[in-house]
Amino acid sequence: MAIRLLRFSKHTKTMNLRLVTRVITYDTQSQKVLLVKNRDQDYWYPPGGGWEHEKETIIECAEREVYEETGLRVKVIRLLYVQEFHPDQDSVNLETIWLAEPTEGTKLNASHIDHDMNSQIETAQWFSKDELQDINVFPKRLQNTFWENISKFLEGENPFIA
């Protein structure tokens with residue numbers, strides 16, 4: 001769903017605003033993160049997609065998107081950060097980046113039968129810190145600062161999740 005946004009500059013311009021969730025799923029046992037790759041693309045990124053705010057909370061959206069794109073059930077545990085992304089000159093995505101853990105007893109859909117008929121996801125895979133150094137990945141912080149801070153992310157109460 002796109003929300004119309006007025007942006008003021010030299011000329012007033014109408015922009016499309018899309019609210020998106022992205023989920024970095026971290027498995028504490030294997031110390032790996034779950035990423036997806038689109039067909040005909042050469043980069044990996046956290047699963048996610050558009051928030052259907054009239055039907056669900058943003059956390060429900062995050063958990064749903066991971067399931068749709070990977071077959072894995074997760075539990076969101078922390079908001080990591082928010083970023084702005086411009087897919088084109090008339091659009092902006094406001095992306096919320098969440099940290100989640102796999103739900104006990106669920107497994108990655110190895111054959112990757114995508115549960116979202118409109119998805120472009122080709123495959124999903126777990127990556128260690130070292131494995132991420134050899135691939136094209138977004139956001140880039142998954143190759144360094146994420147790993148430097150993961151223990152802090154997993155500690156303590158999250159003030160953003162009730």
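Along the sequence shown, residues are numbered consecutively beginning with 1. Below, each value reflects all heavy atoms present in this structure, side chains not excepted, and no hydrogens, waters or symmetry copies.
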Quick one: do Tyr45 and Phe138 satisfy ring-ring contact (aromatic ring centres under 6.0 Å, His included)? Show the steps, please. CA-CA 5 Å; Tyr45 62 96; Phe138 295 105; 8.7 Å; no

Looking at Val23 and Pro46, what are the two nearest heavy atoms and their distance? O-CB, 3.2 Å

I'd like to know whether CD of Gln29 has more than 12 heavy-atom contacts from other residues, nucleotides or ligands below 6.0 angstrom. no

Give the cluster check for Phe127 versus Trp147: same hydrophobic cluster or not, with ILVMFWY residues linked at side-chain heavy-atom distances below 4.5 Å. yes

Please report the interatomic distance CD1(Ile58) to OG1(Thr21), rounded to the nearest 0.5 Å. 6.5 Å

Using a strict cut-off of less than 4.0 Å between a Lys/Arg side-chain nitrogen and an Asp/Glu carboxylate oxygen, indicate whether Glu56 and Arg64 qualify as a salt bridge. yes

On the ring face of Tyr81, is Arg141 found with NZ or CZ under 6.0 Å from the centre and within 45° of the axis? yes

Using side-chain hydrogen bond (donor to acceptor under 3.5 Å, both in side chains) as the criterion, list what pairs up with Ser128, not counting sequence neighbours. Glu131

Give the intermediate values and the outcome of side-chain contact (heavy atoms from CB on, under 4.5 Å) for residues Thr25 and Val33. CA-CA 5 Å; Thr25 302; Val33 294; over 6 Å; no

State the CG-CD1 distance between Leu99 and Ile77, to the nearest 0.5 angstrom. 4.0 Å

Write down the atom of Gln83, the atom of Ile97, and the distance for their closest heavy-atom approach. NE2-CD1, 4.3 Å

Do Asp27 and Gln31 have side chains that approach each other closer than 4.5 Å (heavy atoms only, starting at C-beta)? no

Should we say atom NZ of Lys140 is surrounded by more than 12 heavy atoms from elsewhere, each under 6.0 Å from it? yes

Same cluster or not: are Val20 and Tyr67 linked, directly or through other Ile, Leu, Val, Met, Phe, Trp or Tyr residues, by side-chain heavy atoms under 4.5 angstrom apart? no

Sequence neighbours excluded, the answer for side-chain hydrogen bond (donor to acceptor under 3.5 Å, both in side chains) partners of Lys37 is Glu122

Is the ring pair Phe146/Phe153 parallel, tilted or perpendicular, if the boundaries are 30 and 60 degrees? tilted

To the nearest 0.5 Å, what is the distance between CG (Leu154) and CG (Asn149)? 11.0 Å

With a 3.5 Å distance limit and no angle check, can you tell me whether Glu60 reaches the backbone of Thr57 through a side-chain donor-acceptor pair? yes

Would you say Val74 and Glu101 make side-chain contact, with heavy atoms under 4.5 Å? no

Asp88 CG: over 12 foreign heavy atoms closer than 6.0 Å: yes

Rounded to the nearest 0.5 Å, how far apart are CG of Leu80 and OH of Tyr26? 12.5 Å

Take Trp51 and Thr96 through the test side-chain contact (heavy atoms from CB on, under 4.5 Å) and record every step on the way to the result. CA-CA 10 Å; Trp51 178 25; Thr96 56; over 6 Å; no

Does the Gln133 side chain pair with the main chain of Lys129, one donor and one acceptor, at a distance under 3.5 Å? yes

Can you confirm whether His86 sits close enough to Glu84 that some side-chain heavy atom of one is under 4.5 Å from a side-chain heavy atom of the other? yes

Over all atoms of both residues, closest heavy-atom pair of Pro47 and Val66: CG-CG2, 4.2 Å

Looking at side-chain heavy atoms only, is the closest gap between Trp44 and Leu142 below 4.5 Å? no

Judged by atom type as modelled, is there a donor-acceptor pair below 3.5 Å linking the side chain of Gln143 to the main-chain atoms of Ile135? yes

With rounding to the nearest 0.5 Å, note down the distance linking NZ in Lys32 to CG in Asp130. 10.5 Å

Quick one: CH2 on Trp126 to CG on Leu35, what's the gap to the nearest 0.5 Å? 9.5 Å

Main-chain N/O of Arg73 paired to Thr103 side chain as donor or acceptor, under 3.5 Å: yes

For Leu72 and Leu34, what are the C-alpha separation, side-chain angles and deciding distance, and is it a side-chain contact (heavy atoms from CB on, under 4.5 Å)? CA-CA 10 Å; Leu72 186 72; Leu34 178 63; 3.6 Å; yes

As a quick check of understanding, evaluate side-chain contact (heavy atoms from CB on, under 4.5 Å) for Tyr43 and Val137, giving each step before the final call. CA-CA 5 Å; Tyr43 60 89; Val137 62; over 6 Å; no

How would you list, by chain and number, every residue that makes a side chain to side chain contact (heavy atoms under 4.5 Å, CB included) with Phe85, sequence neighbours excluded? Pro87, Asn93, Glu95

